[in-house]
Number of protein chains: 2
Amino acid sequence: MKLESEHLEILAMIVEKGGLTEGAAALGKSQPSVSRTISLLEKRVGAPLFEPGRRPLRPTELGASLARLGGRIHALNGEAQLLVERFRKGQAGRLRLGGTPIFMDGVVAAMIAEFQQHHSDVHVEQSYGYLDAMLAQLRNGSLDMAILPLHPNQIPQDMEFTSLLPGRNVIACRVGHPLTRKSTITLADIDPFPWIAPPVDSPLYRDLQRALISIGSEDFRVNFSGGTFASIASVLAGSDSLTVLPYSVVFQTRKMTQIEALPLKIEHPDRQLGLLVRRDQASAPALTHFKAFMAQQCRQLEARIQHEQQVTRRRG
Amino acid sequence: MKLESEHLEILAMIVEKGGLTEGAAALGKSQPSVSRTISLLEKRVGAPLFEPGRRPLRPTELGASLARLGGRIHALNGEAQLLVERFRKGQAGRLRLGGTPIFMDGVVAAMIAEFQQHHSDVHVEQSYGYLDAMLAQLRNGSLDMAILPLHPNQIPQDMEFTSLLPGRNVIACRVGHPLTRKSTITLADIDPFPWIAPPVDSPLYRDLQRALISIGSEDFRVNFSGGTFASIASVLAGSDSLTVLPYSVVFQTRKMTQIEALPLKIEHPDRQLGLLVRRDQASAPALTHFKAFMAQQCRQLEARIQHEQQVTRRRG
DNA sequence: GGCGTTATATCGCTTTGGGTTATGAAACTG
DNA sequence: CAGTTTCATAACCCAAAGCGATATAACGCC
C-alpha cells in the first residue's frame, strides 16, 4: 500500500505543532480534515501513529519516525516552491547565451555581471558563434538567446529580435596612435599601418573588408588574427595596428583598454546589434528579465555615447 | 499556490523514464492520468515543464530541477514505506524493556543478542526496576515491556502477563565449593559461609530471607551486597560465599561463570518469571515478535534444564 | 512529401479523497 | 465535578485522479 507524501507532511506538521488543532491551523486546513487524514494514514500503515487516549497528543515510535521523514519531504516541497517562485520572478534558472565574440567580451560580459547582482541564482552559460550556428542551436533548444548584429530582413519568422544598439563600426587604434593627431585622415595616412583581423568567418571580418574598400583600400596587411577580444585589445594597445570594432565595444571598454576610435567615417553596415530569441519561448521569465535589462543597459550606453559625442564635438 | 509532492514524484518518474507512457507504466497508472497530472502541475507552476513539441520528451530547465526534487521526495517516501514494512514485520522499532536486574543480566541479555540477529533494526532500550516502578512506567508509556517474577494474582487488569519460566530459586556457590562435595547438606554445613545479598528492595532479597528461614537459619552474615549480576558472579566465583539466584540464571550462565547450584531444596516462591505488557499495546509487532521469541527461547532453556536434571539424576 | 508508427493530449465518465460545518465523546483543568 | 479544550465522527460537496476511447502531433521511412 502506497503512502502519500502529502500525508507524511501533514503528520510531520501535527507532530511538530503538538496537536491536531494547531497542526491544522498551521496547514491552513480544518481540524476534522487532518484528523481524517491521520486516521486514513494509520489505516494504511496498519499501526497507530499516536498513543491512544492521551491528551497532549504524543506520537508513537513509528509515528515519530514517519514524521521525521515527512518533515524532510515537506522541506523538499518547500524548496520546490521556492524554486518556482524564484523562477517566476526570473531570479533563478539557466540562461544559455551565445553571441559574436567581440561584442560578448567587450560589452555583454560586463552587463551580465551587473545583471547577476540582482539575479544571483541565474546561471549564465556563455558560448560564441555566428548567425547560422546560433540559429540552429536556438531551434534545437541548446541555446536560449543569441546576441549578434542582424539586418532587419534577416530576422527569421520563428524568432523575435530585440535591437540594442546600432551596428556602427569604427576603425580602432591605441590611444596616442600617430593617426589620432591628424584632423583629417586619408587613405595614404592609413596605408602604412598593419591590421588586426577578426576571425575570417565573423561579420566583423566582412565589415573590415567593406570598410577598407569604402575608403579605397583594396589590399591590406594583416599582422594578427584569430584572437579573442582580450588578445586583440592587447595587441592593439601595444602596437600601431588598426582594426575594425563596433563603436560600442570601443566606448564601453575605453577605461580598461587603451583603445580609441579614429575620427574616420567608414561605411557602416545596416545592422543592429540585438537579441535573438525563439518566439515560442520568449516568455521564460529569466529570459524576459534579461532582455529588458539588456535593453535598458544599452539605452544607457547609447545615451552616454551620444553625450560623449556632443562634448567631443563642442570641444573639437 | 501549493505544489503537491505527489505531482513532483510523478514528474521525477517521467523525467527518469524519458516519457509519459513509460513513466505511467512505472507508476502503475494510465498514460492519460499522468499526462493530466503534468498539465495540472504546469498550470500551477505557471511555466512549461517540458519543451513543447519535441518527440523524445525533454524537460525544461525548471522541469529538470523540479524533477530532481521530486526524485528526492520519492526516495524519502520509499524510505517511509520501507520503515513501515519493517515495522510491520517487527524488524524495526524501539523496544523499551525493563526488568529485575539479575534475570535481565543473567538470562535476558543473551536472548536479546540472539533476537537482534534476526531483527537488526530493533533498538532495545534496557532498564532495571521492580514491580511498582515498572507498572507506573508501563502505564505512562515510557516502557514497553517489563520482565519480572510475578504471582498469578498480582497481574493487574490492564496488563497481559506471559510466563516464561518457573521462578525457582536455588542457593548458588562457586564450582568446587566445599559444600558441593556433600551429598546431604544441613543447616550446620551452611552456617559458616558468608552471603552475598541482592539489592534489599529486590524480590530476590526477600526470597533469600524466606529461603534461609525455611531451612531454619534466622540470621545470616552478608559480606557483599548492592552489586549487579556481573559483580555478584565474580565475587561468588572467587570466594566461598553463597547466594540465592534463579535456577535459570545459574543454568544459563554456567559456561561463562564458575557457579553451580547446591542440591538443597529451598522454599521456592509461587511466582513465574514472565513478560508484562500493557494490554492495549500488546499488538505492536516488534513487541509481539519479542514475546514469541522469548517464549520459545525459554521453552528451550527449560527443556535443557529438564534434560540436564535427568542426566544428573541418572548419574547421581 | 506522404504515410504509418508511436507518443501525447483531450474527452466523458466514475470513484476516491479531501474540504467544509455541525456535533458528539473524551480527557485535562481548576 | 463541572468547564474547557481537543479529538473523532457524520453528512455533504467538490476537486482531483482514475479509466477507456479517441483525436492529434512528431518522427522516421520509403
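Quick note: numbers below take in every heavy atom, side chains included, and nothing from hydrogens, waters or symmetry partners. All values reported here derive from a predicted model rather than from experimental measurement. Lettering of chains follows the sequences in order, A, B, ..., and the numbering in each one begins at 1.
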When you measure from the side-chain N and O atoms of B:His7 to the phosphate of D:dA16, is any distance below 4.0 Å, counting only OP1 and OP2? no
Checking contacts here: which listed nucleotide (C:dT20, C:dT8, D:dA8) is nearest the side-chain heavy atoms of A:Leu20? D:dA8
Expressed as a whole number of angstroms, how long is the span from B:Glu42:CD to C:dT8:C1'? 12 Å
In whole angstroms, how far is the P atom of D:dA26 from the CZ atom of B:Arg58? 14 Å
In whole angstroms, how far is the P atom of C:dT8 from the CG atom of B:Leu41? 16 Å
Round to the nearest Å and state the distance from A:Phe50 atom CZ to C:dA27 atom C1'. 17 Å
B:Leu40 CG to C:dT8 P: how many Å, rounded? 18 Å
Of the nucleotides D:dC7, C:dG18, C:dA9, which one has an atom closest to the side chain of A:Glu4? C:dG18
Any donor-acceptor N or O pair under 3.5 Å, side chains A:Ser39, A:Arg36: no
Any donor-acceptor pair under 3.5 Å from A:Glu160 side chain to A:Val277 backbone: no
Between A:His119 and A:Phe115, is the ring centre distance below 6.0 Å? yes
To the side chain of A:Thr21, which of D:dA17, D:dC7, C:dG18 is closest? D:dC7
From the candidates C:dG19, D:dG18, D:dA17, the one with an atom nearest any side-chain atom of B:Ser33 is D:dG18
Atom CD of A:Gln31 to atom P of C:dA25: distance rounded to whole Å? 16 Å
Starting at NZ of B:Lys17 and ending at C1' of C:dT8, how long is that distance when rounded to a whole Å? 19 Å
side-chain N/O B:Ser30 vs D:dC19 OP1/OP2, d < 4.0 Å: yes
Considering only side-chain heavy atoms of A:Pro32, which listed nucleotide, C:dA22, C:dT10, C:dG17, is closest? C:dA22
What is the distance, to the nearest angstrom, from the CD1 atom on A:Ile38 to the P atom on D:dT6? 17 Å
Side-chain N,O (B:Arg44) to OP1/OP2 (D:dA16) below 4.0 Å: yes
In short, B:Leu287 meets B:Asp144 closest at the heavy-atom pair CD2-O, 3.8 Å
Hydrogens and angles aside, do A:Glu51 and A:Thr60 bring a side-chain donor and acceptor to less than 3.5 Å of each other? no
